[in-house]
Every structure is written in structure tokens, then in C-alpha cells.
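If you're wondering where the values come from, they're calculated on a predicted model, not measured in any experiment.
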Amino acid sequence: MENFRRVARPVVHAVLLGFLSLTLHLPAANAALVATDVVVRGQQAQEVHYRLTTVLAREDVKHALIARGASPDQVQARVDSLTGDELQQLSAKIDQLPAGGDAFDALVLIFLVLLLTDILGLTDVFPFVKKPARR
């Protein structure tokens with residue numbers, strides 16, 4: 001019995017030290033309530049993003065973008081990088097466009113967004129835009 005206690009004591013200490021080290025190094029979990037408007041805005045942003053992606057996937061839109069010197073892949077990358085508010089603004093402007101036609105106004109709007117991001121130096125799509133000096 002004395003041999004068992006002599007062997008078990010270091011094992012018990014090692015196990016306790018292991019449990020304590022695991023519990024001390026883990027951060028405490030924090031939980032918070034998520035407001036309904038935050039969830040709704042997130043879902044709306046996903047819907048708008050999907051809608052813009054489907055518009056950009058159309059062949060006539062791709063041809064019009066290429067005709068204006070923009071790559072459809074670069075346009076898609078820029079749409080992917082827009083924030084939720086920017087997506088909402090772009091969607092609102094597209095919703096105000098007249099129905100039908102060849103979506104020329106939508107292409108002009110996308111072109112202007114791309115041009116603005118090029119002028120700000122965030123992207124490099126158009127070779128004719130002067131880029132700001134980088135530090």
C-alpha cells in the first residue's frame with residue numbers, strides 16, 4: 001500500500017497540474033446579445049451581394065465592361081470588397097434605373113465606382129488614371 005501511495009502521489013500531482021494549466025491558459029468565453037437590425041443588415045448585404053454578382057455574371061454586362069476597358073474579374077473583386085453600406089447604396093442606385101434596356105446606366109455606375117477606387121489608389125484597373133504617390 002505504501003508503494004502505491006508513493007507512485008500515485010506524483011501522478012496525481014502531474015494530473016492536477018495539467019488540469020490547472022489548461023484552465024488557466026484558456027480565455028473566458030464572452031457572450032453578448034446580437035441586435036435584430038444587425039442580423040437583418042447582414043442578411044440584406046448578402047442578398048444585395050448575390051444580386052450584384054448575378055448581374056455581373058450576365059454576358060451582356062461582361063461584354064459592356066470589356067468594351068469599357070474593365071476586366072469582369074476585377075469588377076467582381078471590387079464588388080466583393082465593398083462594405084454592406086456601399087452595397088446598399090449601389091443597389092439603391094441600380095433600383096432607380098429604368099427597367100429593361102441594355103443596363104447601360106448600371107454599367108456606367110459600376111465604371112464610376114471602379115474609376116473612383118482607382119483614383120483613390122485602392123486598385124489599379126485603368127491605365128489612364130494617375131495614381132497617388134505612395135509613401
Flag the pair Q76 / T53 as yes when at least one side-chain heavy-atom distance between them is below 4.5 Å, and no otherwise. yes
According to side chain to side chain contact (heavy atoms under 4.5 Å, CB included), who are the partners of T36, at least two apart in sequence or on a separate chain? V40
K62 side, atom NZ; E59 side, atom CD - distance, nearest 0.5 Å: 5.0 Å
Give a yes or no on whether I66 and F111 share a hydrophobic cluster (residues Ile, Leu, Val, Met, Phe, Trp, Tyr; joining criterion: side-chain heavy atoms under 4.5 Å apart). no
Clusters formed by hydrophobic residues whose side-chain heavy atoms approach within less than 4.5 Å: which one holds V7, and what are its other members? none
Which pair of non-hydrogen atoms, one from T83 and one from E86, has the smallest distance, and what is that distance? N-OE1, 3.0 Å
A side-chain contact here means heavy atoms from C-beta on lying under 4.5 Å apart; do L56 and I110 qualify? yes
Separation between CD1 (I119) and CG (L114), nearest 0.5 Å, reads 11.0 Å
Quick one: does H49's side chain get under 4.5 Å of D80's, heavy atoms only? yes
Taking all atoms of both residues into account, what is the closest heavy-atom pair of Q88 and A45, and its distance? NE2-N, 3.9 Å
With a 3.5 Å distance limit and no angle check, can you tell me whether R68 reaches the backbone of A64 through a side-chain donor-acceptor pair? yes
Testing the basics here: between L65 and P72, what is the closest heavy-atom pair and its distance to 0.1 Å? CD1-CA, 4.5 Å
